[in-house]
Protein chains: 2
Amino acid sequence: MNGNSAGISSGAGPVRHAMVSCSRRPPAGRGPYCRTCLAWDQSLCRQIAGSDFDRLFPNGIRYQTREAGVALFHQGQPFDQVLIIRSGWVLTYKVFQDGQRQIIRFALPGDLIGFEGDDTSGMAYTAEALSDVTLCSFKRSLFYGVCSSSPQMAMNFAAAVTREALAAWNHVGALGQQSAMGRVANLLLDLHRRAVAQCGADGPAVRLPINQIHIADATGLTSVHVCRTLKQMKLERLLEFGKGQLVLLDPERLAEIAQLDPEVELYQPPLAVA
Amino acid sequence: MNGNSAGISSGAGPVRHAMVSCSRRPPAGRGPYCRTCLAWDQSLCRQIAGSDFDRLFPNGIRYQTREAGVALFHQGQPFDQVLIIRSGWVLTYKVFQDGQRQIIRFALPGDLIGFEGDDTSGMAYTAEALSDVTLCSFKRSLFYGVCSSSPQMAMNFAAAVTREALAAWNHVGALGQQSAMGRVANLLLDLHRRAVAQCGADGPAVRLPINQIHIADATGLTSVHVCRTLKQMKLERLLEFGKGQLVLLDPERLAEIAQLDPEVELYQPPLAVA
DNA sequence: CGAGCGTTTGACAGACCTCAATATTGGTGG
DNA sequence: CCACCAATATTGAGGTCTGTCAAACGCTCG
């Protein structure tokens, strides 16, 4: 079904984790939230839950690590957990019967995965570690229970899902109405923005743990055409992309090409619910 | 920017509201939920909130009606309310600078609109009544406040947003990887399923208040090509679509064409949170 | 009956895909 | 350090799906 995913992350080299590591500098978040390790961290849950913590999380909050390339769950198979990314990148995608895959989302620290299932029917997509990742893992029933007895948790949950919906709508717009260059511009602007928000940029370049095949599968193009498109964009001095490194040379014009509406703020930082 | 929307609903005739009216037969829902008027109805809010209702909703819950074709809010402009559809169909779409529009979602009774803004920045899309509609209207700050002090409300909210995200992901998959016929099959299967869930079907035919232009703008195709595609699908005896009426002649083969995964349940009925 | 809109059809063009070959990169082992 | 391999990136030629443009048709409504 997919030799596609084999060795997805073997190309970019070991340095690529620097960007998604929390160690560099914790960006200023508001309230008790670390923008990187985010709203679901153990300490935060303790703070929200107070003396109820042990009741709400009888087993505490478990952390897991997964190696790059490992699937977290599979499309069509049941999965009874909610995962929150603490560090690293996760890829979610749908695989179709003709073998094509559509990348739905590049998930970064703070994003939720698997919140939409019901423990018995199959998941709608596959999730896969794009780099080495650290995850918070909750039994979905536990997670829902906690949210049901803690409005702050519930609203944090709702805010996280809202961000997913907003991102998906933008994705729909790009796929439905834009040319190859517009789709690529949309994707790379989005990834750039989120990557910088995670750990800041140490110069004009940002490291992304992806290759042209990822761009192709996310934009609905072929990798051949992505290659041509990137070449064209480099010729026009819009951006440079190679070896897992992205440089935006002309963000304004890229935003025009992506047809971003200046009135609309696309990036939703994690919400702090009063 | 768009003469597009002018007269969007003038083609299908007055009968088209029959389907989306609640009057025919309230389908059996579980718990206190009417599947049609749904989880946010005044009576339900009273039930959930109990004696707190007056504190939570100091102005009660207002209902509004809007005529077909009227915009509920505009892309790029701030909007401070959350709308819940009680009856009728609502359309949400993004308009791009080249004048193209991408339909994001056909929203039916029970769906939320406008939950993702923050009262000051512009909305990411336009919402427009596709038929005459009845809406529950909440100030967003009030709505968030209510959810923050009522976990059931919050979880209902989260479940509604989750349905939106799931639908958007399917949309992304269809737009990214499927041919014209696959995209049309996906859209019409989804609309059929949801329309039937709303009011049941009185035969093999279902009324949808949309035309080929809507299908085109939702699938990222041109109306010309949608016309050809529908003609082809009719020739192959897959479905018939005309005058706002949809007949699925061969649902199994349509599901194959749409590349639906039999393991995955796409349709998420409104959640009843314990 | 005419106006306006949506649908249908045809001819043609273009963006993107497919297939195929080659170059480049990164990793591995001798 | 070099040879070798797998994976990725690049380039070219040609094909196809879908878009563009244009015209005609049908339906509904005033």
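Reckoned from all heavy atoms, side chains included, excluding hydrogens, waters and symmetry mates. Order of the sequence lines sets the chain letters (A, B, ...), proteins ahead of strands, with each chain counted from 1.
- Of all the residues in residues 221-237 of chain A, A/Val224, A/Cys227, A/Arg228, A/Lys231 reach under 4.0 Å from DNA chain D with at least one non-hydrogen atom.
- Residue A/Met181 contributes atom CE, which lies 15 Å from atom C1' of C/dG14 at whole-angstrom precision.
- If you measure from atom CD of A/Gln178 to atom P of C/dC16, you get 11 Å, rounded to the nearest angstrom.
- When the ring-ring contact (aromatic ring centres under 6.0 Å, His included) test is applied to B/Phe73, the partners found at least two apart in sequence or on another chain are B/Phe79, B/Tyr125.
- Checking the phosphate oxygens (OP1, OP2) of D/dT10, a side-chain nitrogen or oxygen of A/Gln212 falls inside 4.0 Å.
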Using a 3.5 Å cut-off and no angle test, enumerate the donor-acceptor pairs between side-chain atoms of residues 221-234 of chain B and protein atoms at least two apart in sequence or in another chain.
{"unit_1": "B/Thr222", "atom_1": "OG1", "unit_2": "B/His225", "atom_2": "N", "d": "3.2"}
{"unit_1": "B/Thr229", "atom_1": "OG1", "unit_2": "B/His225", "atom_2": "O", "d": "2.7"}
{"unit_1": "B/Gln232", "atom_1": "NE2", "unit_2": "B/Glu236", "atom_2": "OE2", "d": "2.6"}

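- With rounding to whole Å, A/Asp98 atom CG is found 13 Å from C/dC17 atom P.
- Computed from coordinates, the A/Ile213 CD1 to D/dA9 C1' distance equals 9 Å when rounded to whole Å.
- How far CD of B/Gln102 is from CH2 of A/Trp169: 13.5 Å, rounded to the nearest 0.5 Å.
- Residue B/Gln177 contributes atom CD, which lies 13 Å from atom C1' of C/dC16 at whole-angstrom precision.
- For the side chain to side chain contact (heavy atoms under 4.5 Å, CB included) test with A/His192, the passing option among A/Leu208, A/Leu246, A/Leu239 is A/Leu246; the others fail.
- For the pair B/Phe241 CZ and C/dT7 C1', the computed distance is 11 Å after rounding to whole Å.
- Inspection of the A/Gln245 and A/Arg207 side chains reveals an N or O donor paired with an N or O acceptor under 3.5 Å.
- If you take CG of A/Asp217 and P of C/dC17, they are 11 Å apart, rounded to a whole angstrom.
- When the P atom of C/dC16 is taken as reference, atom CG of B/Leu175 falls 15 Å away, rounded to whole Å.
- A/Tyr93 pairs with exactly one of A/His214, A/Arg101, A/Glu128 by the side-chain hydrogen bond (donor to acceptor under 3.5 Å, both in side chains) rule, that one being A/Glu128.
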